[in-house]
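Notes follow the structure.
Per chain, numbering begins at 1; letters A, B, ... match sequence-line order. Remember, it's a predicted structure, so these values are computed and weren't measured experimentally.
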There are 2 protein chains.
Amino acid sequence: MNGKPVFFSNCADCSCKSSIFKSLTAEELELINKGRFHVAYKAGEIMFKQGTPSSHFICVTSGLAKIYIEGYGKNLILALIKPVDYIFGPGVYIDNKHYYSASAVEDSTACLVDTIIFKKLVRSNADFAEDFIKRLSNQTLFNFEQVISLTQKQMHGRIADALFYLSEKIYCANPFNMTISRQDLADISGMSKESAIRILKEFKEEGILSVDGNLFDILNIKQLKQISETG
Amino acid sequence: MNGKPVFFSNCADCSCKSSIFKSLTAEELELINKGRFHVAYKAGEIMFKQGTPSSHFICVTSGLAKIYIEGYGKNLILALIKPVDYIFGPGVYIDNKHYYSASAVEDSTACLVDTIIFKKLVRSNADFAEDFIKRLSNQTLFNFEQVISLTQKQMHGRIADALFYLSEKIYCANPFNMTISRQDLADISGMSKESAIRILKEFKEEGILSVDGNLFDILNIKQLKQISETG
DNA sequence: TATAATCATTGACATATATCAATGAAGTGT
DNA sequence: ACACTTCATTGATATATGTCAATGATTATA
């Protein structure tokens, strides 16, 4: 546990402030700033655990985190959270429980803000509330894509989707440095680790993908898109 | 098409008003009442289609509707919508597009309200906004349950979950009258129609379920719960 | 450096599940 | 009452995918 709080300047000056805060006034930002903690996590450390009370909203300021549901014997990764994005589970507005777990995939830092403050701002600032609802809506759309991929595509299509997710949404690069494990890849794609590895191997053999250590390179984007489409 | 509008008294007096409206003032209700349409759908009729512009929020006042994503060759039913519940897709706050389709499963009636009015109320009434966020959160939790059931349980567990969903959440009865087709049951459970039928047959043979015409009766709730748990 | 521990890879095998095809049942319109 | 369409059921078969077990590779630790 390397969880000692590190205090940065303040939210108003923060260069890695989540875009959700753009509709806040200086006073509102200061409100957030006052009740906020900055914490460092080592890779692998759990940020919070499914089933525990959820008291804070977490903004990832560096590194990479995963949020995942601990299901029946295996995990389903709902999303990877990169800087500067935040984690705000659906339980906050229901029963203040976490409905998924979160952990650091890479060494990470994060700001924690009390959800009471967040909810207060939602009530008092309509722009903020609307931005928040937009964000919730986007998450829902993402969930829809994921559930369709997981339930209606075969493994090749699901791995293709996962690779595009990593390349386009998370690492934002094409030869990209894979910082998640094969197990994580499998947990994103809803299959066993062995199956995920096998698909990667096939992609390599077909010249669609090259893997050099942790460096992944999608060589034939068009063909991989095709595989994603045809399931 | 039996889509002729039927005008009821008004929202303030409406006995089948969705609970989301409870935080609205009389004037706000009147605002909704003014721009509202009451429509009747026959079973099977489409209310709106995935990909089309979404302009109205739909409150189901009688009958039963389904919302479903048209995926790769087959549909996934996200939820059944019974009175008095409403349909408000995530696209409304993103790009005003429908990200799923909706259709009437039984003969149904519904009230349509312009989403512009709805969004205006979200901005002006904090209680209403908070109720709406709660509702979105509940939907997300439901999505989580569904995706875990669909991706981590085998067919028996998924059918068990679907049967409990129908009995406990939709029909709210135990011997219940099944108004959805086997194909719909399969589309809820993420499997082929034939597989769904086979599982039902097995449940019948094991005395867990009785099916008499459209009357379904879960005879051994405990065992079915067990099947749901063990996947 | 040695040792343990985790992670990645591969093969063999069992099985859950979809697909295809045929048939029966039930409702619908003429 | 009739043909006709949709829906439900069943069986046979192919295959996608998970599980188990073994091994290699890499990293952490003493």
Would you mind telling me which residue lines up with the more 5' stretch of DNA chain D, H156(A) or N214(A), judged by nearest nucleotide?
H156(A)
For the aromatic rings, using the six-membered ring if either is Trp, is the centroid distance between Y86(B) and F21(B) under 6.0 Å?
no
Please confirm whether the ring centroid of Y100(A) lies under 6.0 Å from the ring centroid of Y68(A).
no
Considering only heavy side-chain atoms of R158(B), the closest of dG18(D), dT9(C), dT17(C) is dT17(C)
Euclidean distance, atom CZ of residue F203(B) to atom P of dA8(D) [Å, nearest integer]
18 Å
Could you give the NZ-to-P distance, from K74(B) to dT19(C), as a whole number of Å?
6 Å
So, D114(B) side chain and G35(B) main chain: donor-acceptor pair closer than 3.5 Å or not?
no
Angle separating the five-pair end axes of the helix from dT1(C)-dA30(D) to dT30(C)-dA1(D), nearest 10°, is 50°
S195(A) side chain N/O closer than 4.0 Å to the phosphate oxygens (OP1, OP2) of dG18(D)?
yes
So, Y99(B) versus F144(A), ring centres under 6.0 angstrom or not?
no
Considering non-hydrogen atoms only, spot the tightest contact between L163(A) and I218(A) and give its length.
O-CD1, 4.1 Å
Rounded distance in Å - CD1 (I199(B)) to C1' (dA8(D))
16 Å
Looking only at N and O atoms, is any donor in the side chain of E194(B) or the base of dC20(C) less than 3.5 Å from an acceptor on the other one?
yes
Separation of dT9(C) P from L185(A) CG (nearest whole Å)
11 Å
Considering just the side-chain nitrogens and oxygens of K201(B), establish if one lies under 4.0 Å of OP1 or OP2 belonging to dG11(D).
yes
Considering only heavy side-chain atoms of M155(B), the closest of dT19(D), dT17(C), dG11(C) is dT17(C)
Over how many whole Å does the gap from L150(A) atom CG to dT17(C) atom C1' extend?
17 Å
Would you say the base of dT19(C) and the side-chain of R198(B) have a donor-acceptor pair closer than 3.5 Å?
yes
Is NZ or CZ of K225(A) both nearer than 6.0 Å to the six-membered ring centre of F164(A) and within 45° of the ring axis?
yes
Rounded to whole Å, CG of D212(B) lies from C1' of dA8(D) at a distance of 15 Å
Please determine, for the side chain of Q154(B), which listed nucleotide (dT9(D), dA8(C), dT17(C)) has the closest atom?
dT17(C)
dT23(D) C1' sits how many Å from K193(A) NZ, rounded?
13 Å
Quiz item: cation-pi between K169(B) and Y165(B), 6.0 Å / 45°
no
When all nucleic acid strands are considered with a 4.0 Å heavy-atom cut-off, which category describes S181(B): base, sugar-phosphate, or nothing?
sugar-phosphate
Whole Å only: how far is the CE atom of M191(A) from the P atom of dT19(D)?
13 Å
